[in-house]
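Accompanying notes for the structure given below.
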Amino acid sequence: MKALVYTDTLEMEYRNEPKPVPGPGEALVKLEAVGICGSDMHAYHGHDARRVPPLILGHEAVGVVQNGPLKNRRVVLNPLMTCGHCDHCQGGRSNLCSERELIGMRLAGAFAQYITIPERNLLDMPQDMDSVIASLAEPAATSLHAIYLAEQVLHRPISECRALVLGGGSIGVFAALLLKHKGCTEICLGDTNSLRRSTAKKLGCCTVYDPLAKDLPEENSFDLVIDAVGSGRTRAASCCFVRAGGVISHVGLQDNEPGLDTRRITLDEITFLGNYTYSAVDLRAAIHALYEGALGPLDWVETRALSEGASAFREIHEGSVAAPKIVLRP
Ligand SMILES: [Zn+2]
Ligand SMILES: [Zn+2]
């Protein structure tokens, strides 16, 4: 089969790889669409010790099952593999499972024609749903989960919050769209990339600003800050813009540099929330919202052939892509 293989830092190669063979309880899936995630880019930059080349990356995937009880069914892959029986799995927080594995991390990912995955990681989807739209379920579920956790600790309904989103990649864009869908009317989004800012402006759901310019949002004014970048600078910005009593929902994993103002967090009772991935419930909710068109026209998503994947990675790296998401078609 053909696959896009991460072979070294800043190197991707489209080449022949052995077609995987499903083991007991596993499905062979012929892939239709696979999105490029920020975490794939992190690996491509050589910054992810967990993703060692040569490796097939990719985990935002949709395809057709080739064997077993769901044969010929189109499915969304839940890329997070969990043990199913530990305390976290049984307590409904399987994303915290200590034995969790993600496809495209140590196991082969989905930038390929085929993948094998446990049958219990297959999520049903409307069979007439567009595969590129369905592949957005994973990033949308990540944003949904981040908002859901914040809702547990916000002291007012989301519809009455002022919200700030840091980062205009797909997680940030989905966060803004989902906040609007939940009734939030005051949403602001910051990104340093002018192409991404112009894409975010076209969404029509948020005001957009350049964090490097002079014209910044008002400090100490947002009930909710969603950090979809996760750098020392965005953590510092979160602590500056969040209101007393507000919530910082931290999703991005760009670096581990200092930036948190723990004095302000303490004195102003600010809640700092870490978020990791999603539950199967979040994924199903994301599939439903995308299928119903609840997140508006998804015309900001760009589609390319998997064979063109290496140039897509290079262009995202160079910052010359306006689309917050590129989906590859095997
Ligand atoms: Zn992802
Ligand atoms: Zn577990």
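From a predicted model like this one, the values you see are computed outputs, not experimental measurements.
Minimum heavy-atom separation, Cys205 to Leu177: SG-CD2, 4.0 Å. Of all heavy-atom pairs between Asn67 and Pro22, the closest is ND2-CG, 3.7 Å. Contact record, Asp191 with Gly167: OD2-C, 3.6 Å, taken as the closest heavy-atom pair. In plain terms, the two heavy atoms of Gly104 and Leu57 that are nearest each other are O-CD2, 3.7 Å.
A donor-acceptor pair under 3.5 Å is absent between the side-chain atoms of Lys30 and the main chain of Val65, judged by distance alone. Side-chain atoms of Glu269 never come within 3.5 Å of backbone atoms of Ile265 as a donor-acceptor pair (strictly under, hydrogens ignored). Between the side chain of Arg74 and the backbone N or O of Gln127 there is at least one donor-acceptor pair closer than 3.5 Å. Checking side-chain atoms of Asn72 against main-chain N and O of Gln66 turns up no donor-acceptor pair under 3.5 Å.
The closest side-chain donor-acceptor pair between Asn275 and His145, if any, does not fall under 3.5 angstrom.
Note on residues 157-169: pairs passing side-chain hydrogen bond (donor to acceptor under 3.5 Å, both in side chains), not counting sequence neighbours, are Arg162-Glu186, Arg162-Ser221.
For Phe241, the CZ atom is densely surrounded, since the number of other residues' heavy atoms within 6.0 Å is greater than 12.
Between Arg235 and Asp227, no side-chain nitrogen of the basic residue sits less than 4.0 Å from a carboxylate oxygen of the acidic one, so the salt-bridge criterion is not met.
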Let me have the donor-acceptor pairs involving side chains of residues 294-304, under 3.5 Å, with sequence neighbours excluded, atom names and distances please.
{"from": "Glu302", "atom 1": "OE2", "to": "Arg304", "atom 2": "NE", "distance (Å)": "2.7"}
{"from": "Glu302", "atom 1": "OE2", "to": "Arg304", "atom 2": "NH2", "distance (Å)": "2.9"}
{"from": "Arg304", "atom 1": "NH1", "to": "Glu315", "atom 2": "OE1", "distance (Å)": "3.4"}
{"from": "Arg304", "atom 1": "NH2", "to": "Glu315", "atom 2": "OE1", "distance (Å)": "2.9"}

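Atom-to-atom distance recorded for Leu122:CG and Asn78:CG is 9.5 Å, nearest 0.5 angstrom. Between Cys239 atom SG and Asp261 atom CG the span is 5.5 Å, to the nearest 0.5 Å.
Using a 4.5 Å cut-off between side-chain heavy atoms of Ile, Leu, Val, Met, Phe, Trp and Tyr, with links allowed through other members, Val62 and Leu328 fall into different hydrophobic clusters.
Results of the side chain to side chain contact (heavy atoms under 4.5 Å, CB included) test with Val225 over Thr234, Val242, Val165 single out Val242 as the only residue that passes.
The aromatic rings of Tyr44 and Phe313 are tilted relative to each other, their planes meeting at an angle between 30° and 60°. The aromatic rings of His45 and His317 sit tilted, their planes meeting at an angle between 30° and 60°.
Among residues two or more places apart in sequence or in another chain, the side-chain contact (heavy atoms from CB on, under 4.5 Å) test is passed with Ala112 by Met1, Ala3, Ile56.
In this structure, the side chains of Asn95 and Tyr278 stay at 4.5 Å or more apart for every pair of heavy atoms.
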